[in-house]
Amino acid sequence: MLLRDWCKKIWETNKLLPVLVLILAGVTLGLYLLVNGWLEPRSVELKSQLAERQKVLNQIADTGGRKLPVREVLKRGRADIKRFWEKIPARADFPKLISEVSSLAKMAGLTVNRVQYSPEEISENKLLRYKLNFSVAGEYLKIKKFIFLIEKSERILTLEEVSFQGKNEGQLSGVQMSVRLSTLFKK
């Protein structure tokens, strides 16, 4: 008996059975394509990401030759984030920032010339980023000390751009430094 005759006999006997077989074959083929075409490559990608993250976590947790438990690493991370947020002042403290920058310059033996600022909203974090532009002029060692004081400030200050220009004043030579820095404030 030929396959064609056999299929015809099945169809005449029970029309539901061949339809169910075709539907199940289609579902099986679809699931096979889904697993091999999308789920398996995604699984490999996720395993790779997990391995990378575990490697980073292990590097972070490795302190002085001993490994910290993941819970301890996360606890320390949360504490660091809390300290970070505590260091960000309220927007009302903006005048103190200008005063602090001027004070740092004075400690270095310099004077801040005309401060320009512009606020920028960071809406996803409910923060404001203030960018400040100003210049100072003086001897190289004083400029160097000023940069050091900015870097060591308790306030979160980011030196975004620094440019230098030689300056001669009579017999004294010095440097003029243009600075752009930024800091964060809570709204």
Side-chain angles (χ1 to χ4, degrees), residues 48-187:
S48 172
Q49 286 178 2
L50 176 63
E52 287 175 29
R53 289 178 181 168
Q54 285 176 334
K55 182 179 175 184
V56 168
L57 192 57
N58 286 336
Q59 288 172 347
I60 292 170
D62 189 12
T63 55
R66 65 181 177 89
K67 298 233 180 212
L68 293 175
V70 173
R71 288 186 192 275
E72 181 63 27
V73 172
L74 293 174
K75 182 179 174 184
R76 288 181 180 189
R78 286 187 190 105
D80 289 344
I81 291 170
K82 183 179 178 188
R83 277 194 305 275
F84 172 78
W85 280 101
E86 288 170 353
K87 285 187 177 250
I88 299 174
R91 182 182 196 175
D93 287 345
F94 178 73
K96 288 181 185 177
L97 169 66
I98 303 298
S99 174
E100 183 177 334
V101 170
S102 294
S103 189
L104 293 174
K106 189 174 184 178
M107 288 171 59
L110 302 169
T111 304
V112 172
N113 299 324
R114 194 175 50 133
V115 177
Q116 296 175 327
Y117 62 90
S118 60
E120 173 186 323
E121 191 172 323
I122 306 172
S123 58
E124 63 268 7
N125 294 326
K126 296 182 181 175
L127 294 172
L128 291 169
R129 176 184 295 127
Y130 272 81
K131 292 184 180 183
L132 283 80
N133 294 308
F134 59 91
S135 63
V136 292
E139 299 169 15
Y140 173 75
L141 290 176
K142 291 179 179 181
I143 299 281
K144 186 176 170 183
K145 183 177 181 182
F146 179 58
I147 292 173
F148 174 78
L149 292 172
I150 288 174
E151 289 177 344
K152 295 299 177 188
S153 172
E154 285 293 314
R155 184 182 295 271
I156 298 170
L157 296 172
T158 304
L159 280 171
E160 293 193 4
E161 185 178 328
V162 177
S163 62
F164 298 93
Q165 183 177 4
K167 184 176 180 180
N168 289 329
E169 293 180 5
Q171 292 178 325
L172 297 174
S173 63
V175 177
Q176 179 168 340
M177 178 177 71
S178 297
V179 179
R180 184 172 70 215
L181 61 83
S182 66
T183 190
L184 299 172
F185 289 95
K186 294 174 188 166
K187 283 187 186 178

Practice task
Indicate the ring-plane relationship of Y117 and Y130, choosing parallel, tilted or perpendicular according to the 30° and 60° boundaries.
Solution key: tilted
Exercise for the section: Without swapping roles, check the side chain of K131 against the backbone of T183 for a donor-acceptor pair under 3.5 Å. Expected result: no
Completion exercise
Closest heavy-atom pair, R155 versus P89, reported as atoms and distance to 0.1 Å, is NH1-CG, 3.3 Å
Practice task
For residues V112 and V136, report the shortest heavy-atom separation together with the two atoms involved.
Solution key: CA-CG1, 3.9 Å
Problem - Min side-chain heavy-atom separation L104-F148 under 4.5 Å - result: no
Exercise for the section: State, with a plain yes or no, whether a side-chain heavy atom of K186 is found less than 4.5 Å away from one of L128. Expected result: no
Handout entry: Residues E121 and K187 bridged, charged N to O under 4.0 Å
Key = yes
Exercise for the section: State whether the side chain of T158 and the backbone N or O of L181 hold a donor-acceptor pair below 3.5 Å, judged by distance alone. Expected result: no
Handout entry: Exercise: identify the closest heavy-atom pair between F134 and N113
Key = CB-O, 3.6 Å
Problem - S99 side-chain N/O to P95 backbone N/O, donor-acceptor pair under 3.5 Å - result: no
Completion exercise
Rounding to 0.5 Å, atoms OG (S153) and CG (L97) come to a distance of 8.5 Å
Practice task
Tell me, with the steps shown, if L184 and F84 meet side chain to side chain contact (heavy atoms under 4.5 Å, CB included).
Solution key: CA-CA 11 Å; L184 299 172; F84 172 78; 4.1 Å; yes
Handout entry: Heavy-atom side-chain contact between F185 and I122 under 4.5 Å
Key = no
Exercise for the section: Would you give the length of the straight line joining atom OG of S182 to atom CD of E120, rounded to the nearest 0.5 angstrom? Expected result: 8.5 Å
Exercise for the section: Look up atom OG in S135 and atom CZ in R180, then write down how far apart they are to the nearest 0.5 Å. Expected result: 14.5 Å
Handout entry: Beyond-backbone contact of E161 with V179, side-chain heavy atoms, under 4.5 angstrom
Key = no
Handout entry: Within-4.5 Å side-chain heavy-atom neighbours: M177 and F146
Key = yes
Problem - Shortest non-hydrogen separation from A108 to K145 and the atoms involved - result: CA-CD, 3.9 Å
Practice task
Taking the side chain as every heavy atom from C-beta outward, state whether Q116 and L132 have any pair of such atoms under 4.5 Å apart.
Solution key: no
Practice task
List the atom of K142, the atom of G109, and the distance in Å for their closest heavy-atom pair.
Solution key: CD-O, 3.7 Å
Exercise for the section: Kindly check if the number of other-residue, nucleotide or ligand heavy atoms within 6.0 Å of CD (E154) is above 12? Expected result: no
Handout entry: Beyond-backbone contact of I98 with F94, side-chain heavy atoms, under 4.5 angstrom
Key = yes
Practice task
Could you tell me which non-hydrogen atom of K87 sits nearest to which non-hydrogen atom of I156, and how far apart they are?
Solution key: CB-CD1, 4.0 Å
Exercise for the section: Kindly compute the distance separating CG (L50) from CD (E52), expressed to the nearest 0.5 Å. Expected result: 10.0 Å
Practice task
Inspect the contact between K96 and E100 and indicate whether a charged nitrogen and a carboxylate oxygen are less than 4.0 angstrom apart.
Solution key: no
Handout entry: Greater than 12 external heavy atoms within 6.0 Å of K106's NZ
Key = no
Practice task
To the nearest 0.5 angstrom, please state how far the OG atom of S102 sits from the CG atom of L110.
Solution key: 11.0 Å
Practice task
Could you tell me whether the side chain of E139 reaches within less than 4.5 Å of the side chain of I143, counting heavy atoms only?
Solution key: no
